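Remember, it's a predicted structure, so these values are computed and weren't measured experimentally. Counting starts at 1 for both ligands and their atoms, following the listed order.
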Amino acid sequence: MPTTALADHVLLDGVSKQFGSTRAVESVDLAIRRGECHALIGENGAGKSTLGKVVAGVHEPGTGTVAVAGEMVRFRSPRQALEHGITMVAQELSLVPTRSVLENVYLGIESSRGPLVDDVGHRRLFAELAERSRIRLEPDRRVGTLGIADQQKVEILRALARDAELIVMDEPTARLSADETTDLLAVIRDLVGSGTTVVFVSHFLDQVLEVADRITVLRDGRLIRTADAVDETPATLVEAMIGRSLAANFPRKVPPAADSPLILSATGLGRVGVFEEVDIAVRAGEIVALSGLVGSGRSEVVRGIYGADRLDAGAIRLEGEPATLRSPHDAIARGIGMIPESRRDQGLMARRSVRENASLPRLDLFTMGPVVADRRERVAVAEATTEVDLRCASLDMPVDSLSGGNQQKCLFARWMIDRPRLLIADEPTRGVDVGAKRAIYELLARLAAEGMGVLLVSSEIEEVLGLAHRILVMRGGRIVTELDGTVATEGEVLEAAFGTSTEDHSDA
Ligand SMILES: Nc1ncnc2c1ncn2[C@@H]1O[C@H](COP(=O)(O)OP(=O)(O)OP(=O)(O)O)[C@@H](O)[C@H]1O
Ligand SMILES: [Mg+2]
């Protein structure tokens with residue numbers, strides 16, 4: 001019956017959900033059609049997960065109604081949702097690592113013959129399921145020995161074994177490699193092809209455009225629009241997500257004053273086998289970008305300036321004074337701050353609170369003898385987090401419970417407590433959503449306008465062109481070109497990064 005094929009599978013009418021004073025979802029009317037892949041997108045905190053959880057019975061809506069196949073429902077638990085054929089594959093997978101794939105798939109719904117679990121029956125069902133979903137997994141493999149991608153497939157098989165007709169997947173590709181992602185997207189298309197409804201929560205626009213039939217954009221808990229994927233592009237989606245167009249994405253460039261002093265003057269920097277003869281000058285109020293391909297030596301150079309890596313050659317002057325920086329500790333004491341390339345490995349202490357992470361480099365300011373002046377620290381951190389627009393329910397939350405954008409802002413908050421003269425920002429917007437990106441751009445521009453020198457490393461050419469007053473392009477451990485950031489083009493930066501047309505062009 002074609003009418004049922006197109007019918008609404010789940011219909012939300014005026015659904016709102018509030019947590020304390022946070023309105024996570026507000027007055028959302030949403031129709032999810034049977035057999036479609038329906039993507040939910042939006043910035044961090046837009047309400048995607050909350051909405052998915054309302055559909056899957058994890059949250060009860062505060063107000064509004066939910067209908068499944070035309071019937072009003074009021075789920076009080078995921079189990080009740082599952083009785084209506086709805087389940088969720090959450091980011092935190094819920095498998096038993098010590099059990100086999102087969103056992104995990106049938107855990108809790110075993111059909112038994114007397115006291116024995118019906119192993120033969122399960123194997124037959126498993127084979128059918130594998131056939132139907134085209135998900136191939138070894139039934140006797142222990143789940144704990146599988147990678148994330150395969151564990152996710154076990155979760156999908158579990159859902160199917162429970163006769164799920166609608167599966168909510170919350171950021172299922174967030175931790176997958178490119179190949180694994182391609183594979184999972186194919187599984188999703190197969191599921192949809194065989195009649196399963198999939199709600200796909202993601203902030204990867206290319207994936208959403210590839211896999212979804214329809215896309216709903218959320219912003220601040222509200223539904224902005226639902227449209228056919230074929231009618232959307234990355235640009236239209238971004239605009240809907242952030243409420244303005246991409247062209248306006250960079251703050252206005254304010255050039256440094258003609259007589260503004262040199263903050264950093266590094267000459268002849270070298271590290272054997274990594275980079276050589278690197279000269280970098282940054283003036284107060286200036287944003288200087290180090291551009292170039294991954295591996296060209298950008299991060300190594302800034303780590304050398306920061307004292308995180310040894311330098312074999314060269315001299316550094318800070319505000320005209322010679323400086324010997326043997327460690328980040330020396331660098332911080334001389335007025336240099338750094339946002340490291342990897343916030344996980346080099347930056348944040350994941351389990352520690354926002355407060356501890358923000359005050360870390362300047363704990364000395366709050367320490368009197370053996371004790372930390374708790375109140376002064378709190379006040380300083382509160383001011384710093386407000387300044388960078390970091391949003392969190394409490395400063396005592398562990399930093400890894402924040403969205404990527406807010407984690408990155410926490411790294412910036414560190415340097416608001418006692419401002420450095422020079423801020424080194426290595427890939428400051430990696431892995432953050434468009435809204436947080438914009439906030440970070442504004443922050444960098446404002447800090448420079450207030451007189452800080454900024455040394456930016458970025459792989460995003462758009463970002464380099466949008467922010468920098470001057471662009472230094474590195475190739476093979478040397479600075480090969482200097483460009484004026486107000487007039488440089490993407491082509492010029494790329495040409496310098498790859499080399500002239502006669503060399504190195506093969507991997508362009
Ligand atoms: N259990 C909860 N308790 C309190 N606040 C919550 C809870 N769950 C979500 N929120 C808040 O509700 C808002 C929407 O959050 P939600 O997790 O739905 O957003 P999201 O679009 O999934 O974001 P992300 O892209 O970061 O995953 C946020 O402000 C969030 O802090
Ligand atoms: Mg979410």
Counting heavy atoms under 4.0 Å, the part of Thr22 that contacts ligand 1 is side chain
- So, Thr197 versus Glu165: side-chain donor-acceptor pair below 3.5 Å or not? no
Is there side-chain contact between Glu463 and Pro428, with heavy atoms separated by less than 4.5 Å? yes
Are Asp396 and Arg355 side-chain neighbours, meaning at least one heavy-atom pair lies under 4.5 Å? yes
Asp213 side-chain N/O to Cys37 backbone N/O, donor-acceptor pair under 3.5 Å: yes
task: Kindly say whether Ala380 contributes a backbone atom to a donor-acceptor pair with the side chain of Glu383 at under 3.5 angstrom?
output: no
Can the ring centres of His84 and Phe75 be said to be less than 6.0 Å apart?
yes
When distances are taken from atom 1 (N) of ligand 1, the protein heavy atom at minimum range is Phe19 CE2, 3.6 Å
One finds that the ligand 1 atoms under 4.0 Å from a non-hydrogen atom of Glu43 are 21 (O)
For [atom], state which one of [options] supplies the nearest heavy atom.
atom: atom 20 (P) of ligand 1; options: Arg219, Lys17, Lys48; result: Lys48
atom: atom 17 (O) of ligand 1; options: Cys392, Gly221, Ser49; result: Ser49
atom: atom 23 (O) of ligand 1; options: Gly404, Ala393, Gly47, Gly45; result: Gly45

The Mg ion (ligand 2) contact by Ser49, N, O or S atom under 2.8 Å: yes
